Amino acid sequence: MAIKQRSGGEWLEKWASLLKTIGNPARLAILLILYASGEGSLTFTQLKEIMGLPSDSALVHHLEILLKAKLIEKIACKKGEIGRVYPKYQISKLGKELLEQTQLAQALQEYMNRHPK
């Protein structure tokens, strides 16, 4: 569901819910990492390495919350014809819209311009 101005409480409730979801530093970081990902999607292992989280369960917890809020998507990927299928994560249309409308995407770009690798 796209974020569009709605009448009354429904609009406010949706925004409050989304902002609460990204109010956690780890979840906001995951969302920003996926937004900025040149590849468009990342594996669990790639996210864990970038995030530096202490345990798999912490990352699983944050990914589940972002998936439930529909801010990210899990897609099935496969290496080769007979390779195993594994999940990758990418930011959803709603996630992009949230970051762009709150100008967090712009803030991220400005930060990256000031602090190149």
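Because the structure is predicted, anything quoted here is derived from the model rather than measured. By convention here, the first residue in the shown sequence is residue 1.
Sparse packing is recorded around NZ of K68, with 12 or fewer heavy atoms of other residues, nucleotides or ligands lying under 6.0 Å away.
Atom CD1 of residue I72 and atom CG of residue L67 lie 4.0 Å apart, to the nearest 0.5 angstrom. Here the CG-CE distance, from L42 to M51, works out to 11.5 Å after rounding to the nearest 0.5 Å. A distance of 10.5 Å separates CD in Q106 from CD in E100, rounded to the nearest 0.5 Å. Separating the CD1 atom in I50 from the CG atom in L34 is a distance of 8.0 Å, to the nearest 0.5 Å.
Residues I33 and I75 fall into different hydrophobic clusters, defined by Ile, Leu, Val, Met, Phe, Trp and Tyr side chains chained together at heavy-atom separations under 4.5 Å.
Shown are L31, L99, I30, I91; of these, the side-chain contact (heavy atoms from CB on, under 4.5 Å) with L71 is made only by L31.
Of all non-hydrogen atoms in A76 and V85, the two that sit nearest each other are CB-CG1, 3.6 Å. The minimum heavy-atom distance linking Q101 with W15 is given by the pair OE1-CZ2, 3.2 Å. Nearest heavy atoms, G40 versus Q90: O-CB, 3.2 Å.
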Run the side-chain contact (heavy atoms from CB on, under 4.5 Å) check on T102 and L19 step by step: do they pass? CA-CA 10 Å; T102 59; L19 292 172; 4.3 Å; yes

Might you work through the side-chain contact (heavy atoms from CB on, under 4.5 Å) test for Y35 and L98, ending with a clear yes or no? CA-CA 11 Å; Y35 183 87; L98 175 64; over 6 Å; no

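No side-chain donor-acceptor contact under 3.5 Å links S17 to the backbone of E13.
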Under 3.5 Å donor-acceptor pairs involving side-chain atoms of residues 56-66, not counting sequence neighbours:
residue: D56; atom: OD1; partner: K48; partner atom: NZ; Å: 2.6
residue: S57; atom: OG; partner: S55; partner atom: OG; Å: 3.1
residue: H62; atom: ND1; partner: R27; partner atom: NH1; Å: 3.2

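In this structure T43 satisfies the side-chain hydrogen bond (donor to acceptor under 3.5 Å, both in side chains) test together with Q46, sequence neighbours excluded.
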